[in-house]
Amino acid sequence: MTFEILLVFSILAATIVLFISDRLPLDLVAILALLTLLLCGVLTVDEALAGFSDSIVLTMAGLFVVGAGLFQTGIADLLSRQLSRMAGSSEIRLIGAIMVLVALLSAFISSTGTVAVFLPVVVSLALRAQISPARLMMPLAYASLLGGMLTLIGTPPNIVVNNQLRSSGVEPFNFFAFTPIGLVMLVLGVGYMLLVGRRLLRNPANEAPDPASPAPTPVDLMSLYGLPGNLFRARVLPNSPLIGQNLAQANLRARFQVSVIANQPPQSAGRTNDRPEPAGPATLLASGDTLLLKGPGAKVAELAQDQQLELVPADESADALLAGGQAVVEIVLTPRSRLIGQTVRSMRFRDRYRVSVIAILRQGATMNKPTSQVELRFGDTLLVIVGEKQMAILNEERDDFVVIGQHRTPEAQPKSRRAPVALAIMLAMLVVITIEGLPTVTAVLLAAAAMVLTGCVTMKDAYRAINWESLVLIAGMLPMATALEKTGGMTLIANSLTVNLGGFGPLAVIAGL
């Protein structure tokens, strides 16, 4: 073993240790490995950067955009509704249906993109069926990986080995060459999860689901989030000391432990907007304003008496949530959300998105602390009030959180009419790849461009849909293979497998590999 081979093996081992430790982002680890190979003189600059122009990386980027087109035009939402109808509220049927549908979609777009599309869908289905979302997340992840085995473009390793065959002068795989073995693995994976794996998943915190339970209404959500008895409406009287103050100056949260969720000006005030709006620190209070308050009944009564407010009957509070075209929306934090470890107040959530967070659910349990003081974690579900104009902003968010339930549906977006176009583009891409009319990367990039040109997805959404961490990770690690081959490390590994296992037959070599 030469010094160069030992150096590359050492860099590879250190990279694996860093991957496992999870102390640094995976894409950063890949870049550090690439830089180390470059600085040690193992690779030239062109060899080190070749991964960023590799057809594998470009194919993955294109597939992310194609997947975004399917999501933006509502095709994924249509699949989720069909999934809900088929599975109902049975956990076994939900797991089976989710795994099959996700695997089939993952066969044609990236597994990461598939999970991104179905994450809010699956969480929403779990909440409707009164099942802990945690019990469906791992089946979702495994199904996306199993689906990658079904076709040539289902997962990057399939594309890697196919390109290697072509570059070696050997006939490459066709589009469905992986399908027979992939189907066997999918059947085994789904069967295992239903019979064995399901029993190893974390038990739900709530009670067994009621098959007859309908989708939650805003009133149901109030009960789920522990809001009954804590929501009130109050009208600002003409002699109230709050008149002319904004909420920051009034400081009601600190003085009375009561939060102002929304504010509705009186129709007679001559204002252009008499709809209730999420309240923020800059919200200015005036005579006749109707405030939606959250807090203990005794504290609200104390506030009303001290600040000259007239309480509206409590049974109208549920209606107030949706008054004037507002929506009650559930959002869940993603694993890489910037909100994790922060509070709603420290992130200025209300100012940034113009929404009011009225409750937080963590693993099925409501939080006792005021919502503004809760340090957020991955998987926390926030119940927010949002106006129709801000709803589009929430729906576009993918990095910090995803919308999992919307309980007043605004008008359908024009893009939904382009669903047949998006579907036709994807089918055309698959046909071209299957008949090998064009190289895979060319067909995928053409499909991605067509998604943008036909308005199925905007350029902004296309860039946001690409999982850059995955692309940088693969582009950074591909030169490792070049380093192993250039220094003779690959030959050393191949010879060791052949010498030690070759005498036992090809199955033993495959098992060792």
Side-chain angles (χ1 to χ4, degrees), residues 3-43 45 47-52 54 56-57 60-61 64 110-116 119 123 133-134 137-142 144-145 148 155-157 160 200-202 332-344 346-347 349 360 362-363 374-381 397-402 463-484 487 489-490 493:
F3 172 76
E4 280 194 328
I5 294 177
L6 184 61
L7 177 62
V8 173
F9 281 171
S10 299
I11 295 172
L12 179 59
T15 303
I16 293 172
V17 170
L18 288 173
F19 279 156
I20 295 173
S21 68
D22 205 25
R23 292 184 178 180
L24 296 174
L26 300 182
D27 48 346
L28 177 59
V29 174
I31 293 297
L32 291 175
L34 182 153
L35 289 173
T36 305
L37 291 171
L38 182 60
L39 293 173
C40 292
V42 177
L43 297 178
V45 173
E47 290 170 336
L49 301 181
F52 290 93
D54 196 284
I56 300 166
V57 175
M60 285 187 63
F64 278 121
S110 73
S111 58
T112 306
T114 304
V115 171
L119 178 62
V123 174
M137 290 296 102
M138 197 169 287
L140 169 65
Y142 283 146
S144 69
L145 298 176
T155 188
V160 171
L200 304 178
L201 298 173
R202 190 166 66 193
V332 62
L333 269 60
T334 61
R336 51 183 179 175
S337 172
R338 291 171 297 175
L339 297 173
I340 295 174
Q342 303 286 334
T343 65
V344 172
S346 65
M347 288 293 293
F349 195 85
I360 299 175
R362 177 172 294 166
Q363 296 182 359
V374 174
E375 190 173 291
L376 299 173
R377 299 178 186 174
F378 163 56
D380 282 355
T381 307
E397 182 61 53
R398 288 290 179 272
D399 295 329
D400 292 331
F401 57 81
V402 289
Y463 280 117
R464 293 183 65 176
I466 296 174
N467 188 306
W468 297 103
E469 180 185 22
S470 299
L471 297 189
V472 173
L473 173 63
I474 292 175
M477 288 305 297
L478 283 174
M480 181 65 73
T482 304
L484 286 169
T487 59
M490 201 77 76
I493 295 173

If you define the side chain from C-beta out and look only at heavy atoms, does anything of [X] sit under 4.5 Å from [Y]?
X	Y	value
Asp54	Ile474	no
Leu484	Phe9	yes
Val8	Leu37	yes
Met477	Thr15	yes

Which atoms form the tightest heavy-atom contact between [X] and [Y], and what is the distance?
X	Y	answer
Met60	Ser470	CE-CB, 4.2 Å
Leu38	Ala48	CD1-CB, 4.1 Å
Ala61	Ile466	O-CG1, 4.0 Å
Leu7	Cys40	CD2-CB, 3.7 Å
Trp468	Tyr463	NE1-O, 3.2 Å

Rounded distance [0.5 Å steps], [atom1] in [X] versus [atom2] in [Y]:
X	Y	atom1	atom2	answer
Glu375	Asp380	CD	CG	10.0 Å
Glu4	Leu6	CD	CG	11.0 Å
Leu26	Ile31	CG	CD1	12.0 Å
Leu12	Met480	CG	CE	5.0 Å
Leu478	Leu34	CG	CG	10.0 Å
Leu376	Arg362	CG	CZ	7.0 Å

Review point. Just wondering, more than 12 heavy atoms not from Met490 lying within 6.0 Å of its CE?
Key: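 It does: Met490 CE has more than 12 such atoms within range.
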**Study point:** Tyr142 atom OH, over 12 foreign heavy atoms within 6.0 Å
**Key:**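 Not buried by this count: 12 neighbours or fewer within 6.0 Å.
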